[in-house]
Amino acid sequence: MTAPPLTVSGLRKRFGSIQAVDGITFHLDAGETYGLLGPNGAGKTTTISMVAGLLSPDSGDITVAGRRMTTTADDAKALIGYVPQDVAIYPDLSARENLMFFARLYGLSATDARRRTDEVLQTIGLADRARERTKQYSGGMKRRLNIGIGLLNRPKLLILDEPTVGVDPQSRNAILESVAQLSREGMAVLYTTHYMEEAERLCDRVGIIDHGKLIAEGSQEQLVSLVGEEDRVTLSATGDIPHAVDTLRSQPWIKQADAANDGAVLVVDGARAHLPAILQEVAAAGVGVRSVEVSEPDLESVFLHLTGRALRD
């Protein structure tokens, strides 16, 4: 059997009295995007640094496509592409020159470096601006080039650490589309972000880190199920609201129903499917509905439930 692109087992790292990473275990499959989420100071950066071979763990093991990762394991490092938070390009060089320089550092021959540079420029959408000095690039273009450098060696594992920080919405969307395409082509992607909607859009599975521990892991659906969140329906209405609420409570898919000053708040199993029945029930009870708001559980609600903090805190 082919070894997974990434396996992390029992990872620990302490800085003085601070246990930055405390027994983290997870893995990535080929073609999977795995989101690593956590509040500031939760241990994400330390974990990423160890996975990339930049920092030695106190204990635990990391393997990349079956090869053990250490700070001196060049064979394992050759299988990853690492895109850091800070843009790491040379501003006085063009995009093509930057890519050629890094391709040669990866050990590609001059011929292979030129071929791979052309391929990467197409992938990141910068082929038409390839000869411009990167000091003239927008923030989003610089970020895309930063990702392109991480793709030069055709990595088994691509590590993206906050790749869309400070970019405009158009460039951000282009970056997310590129990441999704790489995943569809079979690349494993380890992704950290401060934007919950990015994780919801891109990630097949999410691991939530807090105080150095992996406190939850799974798909969005699995995580929502884990904390028992239900859909919430808020009705702005007039009329005999208490009577309507009593009627709704008899329905098996209504988990909770409470009257409010200007309407009602319902906790519903499958709100969108049952919304027509809800409106029919309240109308029959003599209530006029002015507006309806449906809030479905998402990663944000799970994250708040588990950590007590917003992702960007």
Side-chain angles (χ1 to χ4, degrees), residues 2-30 32-90 98-99 101-108 113 116 120 143 145-163 165 179 182 187-193 207-214 217:
T2 303
L6 177 65
T7 301
V8 175
S9 179
L11 209 59
R12 285 184 169 81
K13 184 67 179 180
R14 177 182 288 274
F15 297 102
S17 61
I18 299 173
Q19 188 72 50
V21 176
D22 191 6
I24 286 179
T25 297
F26 65 96
H27 77 280
L28 268 74
D29 294 320
E32 180 179 36
T33 299
Y34 186 100
L36 202 58
L37 306 182
N40 288 333
K44 299 189 307 297
T45 299
T46 302
T47 299
I48 290 289
S49 297
M50 290 188 285
V51 169
L54 302 175
L55 187 65
S56 295
D58 295 334
S59 61
D61 290 301
I62 304 163
T63 59
V64 178
R67 302 184 186 185
R68 190 168 185 267
M69 175 62 78
T70 67
T71 55
T72 58
D74 292 340
D75 59 339
K77 290 182 180 181
L79 299 176
I80 69 170
Y82 176 55
V83 181
Q85 290 185 33
D86 297 324
V87 174
I89 60 177
Y90 291 99
N98 267 283
L99 290 169
F101 173 77
F102 284 102
R104 296 292 278 160
L105 284 183
Y106 275 122
L108 275 66
R116 188 61 183 144
V120 167
R143 288 279 176 185
L145 180 58
N146 213 38
I147 292 173
I149 291 168
L151 297 174
L152 284 166
N153 62 329
R154 294 186 176 88
K156 298 288 186 183
L157 171 67
L158 179 64
I159 302 172
L160 296 173
D161 193 6
E162 308 278 357
V165 170
V179 174
L182 292 168
M187 186 175 295
V189 180
L190 180 59
Y191 195 94
T192 74
T193 180
I208 297 177
I209 294 181
D210 198 20
H211 301 296
K213 295 179 180 290
L214 191 68
E217 180 189 61

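D210 pairs by the salt bridge (Lys or Arg N to Asp or Glu O under 4.0 Å) definition with R309, not counting sequence neighbours. Checked against ring pair (Phe, Tyr, Trp, His ring centres under 6.0 Å), Y191 has no partners two or more places apart in sequence or in another chain. Partners of R154 according to the salt bridge (Lys or Arg N to Asp or Glu O under 4.0 Å) rule, which considers only residues two or more places apart in sequence or in another chain, are E119. Scanning for side chain to side chain contact (heavy atoms under 4.5 Å, CB included) contacts around D161 gives I48, Y82, Q85, T192, with sequence neighbours left out. Under the side chain to side chain donor-acceptor pair (under 3.5 Å) criterion, T46 pairs with no residue at all, not counting sequence neighbours. With sequence neighbours left out, A113 forms a side chain to side chain contact (heavy atoms under 4.5 Å, CB included) with M100, A103, R104, L108. Judged as a ring pair (Phe, Tyr, Trp, His ring centres under 6.0 Å), and not counting sequence neighbours, F102 has no contacts. The side chain to side chain donor-acceptor pair (under 3.5 Å) test applied to T70 returns T72, not counting sequence neighbours. Partners of F101 by side chain to side chain contact (heavy atoms under 4.5 Å, CB included), not counting sequence neighbours, listed by chain and number: Y90, L105. Residues passing the side chain to side chain contact (heavy atoms under 4.5 Å, CB included) test with A188, sequence neighbours excluded: P5, L28, L157. Listed by chain and number, the residues in a salt bridge (Lys or Arg N to Asp or Glu O under 4.0 Å) with E32 are R205 (sequence neighbours excluded).
Taking each heavy atom of Y106 and G150 in turn, the nearest pair found is OH-CA, 4.2 Å. Nearest approach of L54 to T71, heavy atoms of both residues: C-CG2, 4.1 Å. In terms of heavy-atom proximity, G66 sits nearest to A3 at N-CB, 3.5 Å. Shortest non-hydrogen contact noted between V21 and L11 is CG1-O, 3.2 Å. The two atoms that bring K44 and L37 nearest to each other are CD-C, 3.7 Å, heavy atoms only.
Side-chain contact check for V83 versus L158: some heavy-atom pair is nearer than 4.5 Å. A 4.5 Å side-chain heavy-atom check between T193 and L160 finds every atom pair outside the cut-off. Residues R143 and P163 fail the side-chain proximity criterion, which asks for heavy atoms closer than 4.5 Å. No side-chain heavy atom of I80 sits under 4.5 Å from any side-chain heavy atom of N153. Annotation: side chain of F26 is not in contact with side chain of I209 (no heavy-atom distance under 4.5 Å). Looking at heavy atoms from C-beta onward, L151 lies in side-chain contact with L182 at the 4.5 angstrom threshold.
To the nearest 0.5 Å, atoms CD1 (I62) and OG (S9) are separated by 10.0 Å. Of the inter-residue distances, the one linking I159 atom CD1 with T47 atom OG1 reads 11.0 Å to the nearest 0.5 angstrom.
The main-chain N or O of L79 is never found under 3.5 Å from a side-chain atom of K156 such that the two would form a donor-acceptor pair. Using a distance-only test at 3.5 Å, with no hydrogens or angles considered, a donor-acceptor pair links the side chain of T25 to the main chain of G10.
Under 4.0 Å is where a charged nitrogen must lie from a carboxylate oxygen, and between K213 and D22 at least one such pair does.
Of the residues listed (R12, R14, K13), the one engaging D58 in a salt bridge (Lys or Arg N to Asp or Glu O under 4.0 Å) is K13, and it is the only one.
Note on residues 67-87: pairs passing salt bridge (Lys or Arg N to Asp or Glu O under 4.0 Å), not counting sequence neighbours, are D61-R68.
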